[in-house]
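What follows is a single structure, written as C-alpha cells, with notes after it.
Along the sequence shown, residues are numbered consecutively beginning with 1.
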Amino acid sequence: IARLAQSILIDCIGFQIRIHQIETEPELMRRSRILESALDESRIIDFCKEKIDKANEDDQEKRVWEFLKVCFSKEPRQDFLSLLGYKADELEMKFGALSESHGVGAGELAEEMENLTTETSAEDDSSKLLKASGAFEKATGSTDASPFDNLSPAGSRDERVESKQPRKLTIKNQVSSHVATPFGISTQDDIDGLLSKALLTGNFELAVEICLHADNLADALVLAVAGGADLFTRTQQIYFQKRKGKVSRLLSAVVQKDWLDIIQYGELKNWPELLAALLTYAKPEEFSTLCDVLGSRLEADEGLKSSALFCYICAGNVEKLVECWLEITADPGSPLSLQDLIEKVMVLRKAVQTERQRQPSTAGSPKLAQKLQDYAILLASQGDLAVDTVFRTRNDLSRGSARVARDRKS
C-alpha cells in the first residue's frame with residue numbers, strides 16, 4: 001500500500017489530530033534528491049564520478065558510468081575509444097618498440113642522414129664525418145671510434161654498393177625510386193614482356209589484367225591508379241576479393257566505407273573493435289543507427305547481452321538502454337533497482353539534450369514510459385510532492401502516467 005498511496009500516521013491527543021508523513025524507502029528518497037540536485041545544478045559530471053567511485057566492486061556498473069560520463073566530454077568519440085583501450089599515443093609507442101626490436105629504428109637513422117644533407121650552418125668536413133660516424137655506429141652496432149673500421153676491402157664500386165646493409169624504408173624516410181643505373185625492357189611473350197608492351201602502348205586495363213593473372217596485386221593497384229577512377233575501383237574490388245588475411249575485411253571496410261557489412265558479420269567477440277571502428281569512421285548521420293545494429297546483435301547473444309549497453313550509450317538511445325537493462329537486471333522491479341535505472345536514463349537524456357541538441361522521446365518505448373510511470377508513483381507514495389513534480393515534468397510522462405501519479409496523491 002505504501003507504494004500506491006501516501007503513508008500517514010494519525011495521533012489523537014485530546015482534540016488535536018497530528019498527521020505524520022512516513023518514508024518507507026529512505027534510501028530511494030535520498031538518492032532521488034541527489035539526482036535532482038545534480039540535474040538542476042549542472043553537476044552531472046561530478047555525479048558520474050561519484051557513481052564510478054562507488055562502483056569499484058562492480059566492473060560492469062563502473063564501466064557503464066564511465067561511458068555515461070564521457071557523453072559530456074568535448075571529444076566523446078575519442079574518449080569512448082580510450083575507454084575501449086584504443087589510444088593513439090600508446091599505439092605509436094607499441095609500434096616504435098616493435099620496430100626497434102627488429103634493429104635500429106629506421107626513423108632515427110633517417111633523421112641522422114637528413115641532418116647531413118640539410119645542415120645550414122657552416123661545418124667542416126671532419127665534423128660532418130663525425131656525425132656520419134654516429135649514424136653508422138647506430139646502424140651497425142659498432143662501438144669503434146672510426147667510421148672506416150667496418151668498411152669492406154677495396155674493390156669495384158658495384159661490390160662496395162652490394163656490401164652495404166640494406167636500408168629499411170618507411171613512409172617517413174622514403175627515398176626516390178629513380179636509381180642512376182641502366183635498365184632493360186623485356187620484349188618476350190612472357191608475363192614481364194607482355195606487361196612491358198601493354199605499358200608502352202598505354203593499355204592500362206590490359207596491364208592490370210596481366211598483373212592480376214600473375215597474382216601481382218600490388219602492381220595491379222599501382223597501375224589502376226594511372227588508368228583512371230573506374231579502373232581503380234574495379235581493381236580495388238578484385239584486390240579485396242583475392243586478398244586473404246586477418247585484416248582483409250577490416251581493410252576493405254575502411255577503404256570502401258562499408259561499415260554495415262562489418263557490423264553485421266564481424267565476430268561478436270570483437271565487439272569492442274567493431275564499436276571502435278564506428279567511433280573512428282562512421283558519419284554522424286549513420287553513427288547511431290550502426291551502434292543500434294551492433295547492440296541488437298549483442299543482445300541476441302546471451303553471454304554478451306550486457307555489452308549492448310555501451311553501444312546504446314554511444315548512440316544516445318535511451319529507449320534501447322532501458323529495454324536492455326530490464327533484460328540483464330536480476331530484480332528490475334525493486335525500488336532501488338528502479339532508482340538505478342532512472343539515474344542512467346536521466347543522465348543519458350541530459351547528454352542527448354545538451355550535447356547532441358535533440359529531444360529524446362518516450363513515445364516509441366512502452367517499457368520506458370512504464371518505468372517512468374512506476375517511478376512517479378513510487379515518489380508519490382513517499383509524499384515528496386516537489387520531487388515527483390520535477391521528475392514528471394522532466395521526463396515528459398504521458399498524460400495517463402501523470403494522471404495516475406496525481407490520483408495516488410489525492
Legend entry - Heavy-atom pair of closest approach, residues L223 and F204: O-CD2, 3.9 Å
Legend entry - Considering all heavy atoms, the nearest P272-L84 contact: O-CD1, 3.7 Å
Inset, instruction - Would you check if there is a donor-acceptor pair between the side chains of Q188 and D192 at a distance under 3.5 Å? - result: no
Legend entry - 4.5 Å side-chain heavy-atom contact, E343 and F47: yes
Legend entry - Parallel, tilted or perpendicular: ring planes of W271 versus F310, cut at 30 and 60 degrees: parallel
Legend entry - Partners meeting side-chain hydrogen bond (donor to acceptor under 3.5 Å, both in side chains) with E267 (sequence neighbours left out): K269
Inset, instruction - Under the ring-ring contact (aromatic ring centres under 6.0 Å, His included) rule, what do Y312 and W325 come out as? Steps first, then yes or no, please. - result: CA-CA 11 Å; Y312 298 141; W325 183 89; over 10 Å; no
Inset, instruction - Considering non-hydrogen atoms only, spot the tightest contact between L348 and C71 and give its length. - result: CD1-SG, 4.1 Å
Legend entry - Side chain proximity check, D261 to R249, heavy atoms < 4.5 angstrom: yes
Inset, instruction - For the pair Q60 (side chain) and S306 (backbone), establish whether a donor and an acceptor sit closer than 3.5 Å, ignoring hydrogens and angles. - result: yes
Legend entry - Y281 atom OH: more than 12 heavy-atom contacts under 6.0 Å: no
Inset, instruction - Verify salt bridge (Lys or Arg N to Asp or Glu O under 4.0 Å) between R297 and D301, making sure each step is shown before the conclusion. - result: CA-CA 7 Å; R297 288 191 64 202; D301 189 305; over 6 Å; no
Legend entry - NZ/NE/NH1/NH2 to OD/OE distance under 4.0 Å, K51 and E61: no
Legend entry - Distance-minimising heavy-atom pair for N216 and D219: ND2-OD2, 2.7 Å
Legend entry - Donor-acceptor pair, side chain of D190 and main chain of G193, under 3.5 angstrom: yes
Inset, instruction - Could you tell me which non-hydrogen atom of P335 sits nearest to which non-hydrogen atom of E25, and how far apart they are? - result: CG-OE2, 3.5 Å
Inset, instruction - Starting at CD1 of I44, measure out to CE of M346 and round the result to the nearest 0.5 Å. - result: 8.5 Å
Inset, instruction - Verify whether one side chain among Q339 and S32 offers a donor that lies under 3.5 Å from an acceptor in the other. - result: no
Inset, instruction - Determine, step by step, whether S337 and D331 satisfy the side chain to side chain donor-acceptor pair (under 3.5 Å) criterion, reporting the C-alpha distance in whole Å, the side-chain angles of both residues, the deciding distance to 0.1 Å, and the verdict. - result: CA-CA 7 Å; S337 290; D331 186 14; 5.1 Å; no
Legend entry - Inter-residue atom distance I52.CD1 - L68.CG, 0.5 Å rounding: 8.5 Å
Inset, instruction - May I ask you to say whether E50 pairs ionically with K69, meaning some side-chain N is under 4.0 Å from a carboxylate O? - result: no
Inset, instruction - Supply the atom-to-atom distance L200 CG to T187 OG1, rounded to the nearest 0.5 angstrom. - result: 10.0 Å
Inset, instruction - Answer whether the closest heavy-atom distance between the side chains of T280 and R77 falls below 4.5 Å. - result: no
Legend entry - Flag side-chain contact, heavy atom, 4.5 Å: K197 against T201: no
Inset, instruction - Taking the side chain as every heavy atom from C-beta outward, state whether L279 and L275 have any atom pair closer than 4.5 Å. - result: yes
Legend entry - Q78 and Y86: side chain donor to acceptor below 3.5 Å: no
Inset, instruction - In plain terms, say whether R31 and D340 are close enough for a salt bridge, that is, a side-chain N and a carboxylate O under 4.0 Å apart. - result: yes
Legend entry - Validation row: R30, E27 side chains within 4.5 angstrom (heavy atoms): yes
Legend entry - Side chains of T289 and E286 in contact at under 4.5 Å (non-hydrogen atoms): no
Inset, instruction - Flag the pair W259 / F287 as yes when their ring centroid distance falls below 6.0 Å, and as no otherwise. - result: no
Inset, instruction - Looking only at non-hydrogen atoms, find the nearest pair between C324 and A308 and report the distance. - result: SG-CB, 3.9 Å
Legend entry - Reported CZ-to-CG distance for the pair R43 and L35, which is rounded to 0.5 angstrom: 10.5 Å
Inset, instruction - Report yes if some heavy atom in the side chain of F240 is under 4.5 Å from a heavy atom in the side chain of S248; otherwise report no. - result: no
Inset, instruction - For the pair K62 and D58, find out whether any cationic side-chain nitrogen is under 4.0 Å from an anionic carboxylate oxygen. - result: no
Inset, instruction - Would you give the length of the straight line joining atom CG of L194 to atom SG of C211, rounded to the nearest 0.5 angstrom? - result: 11.0 Å
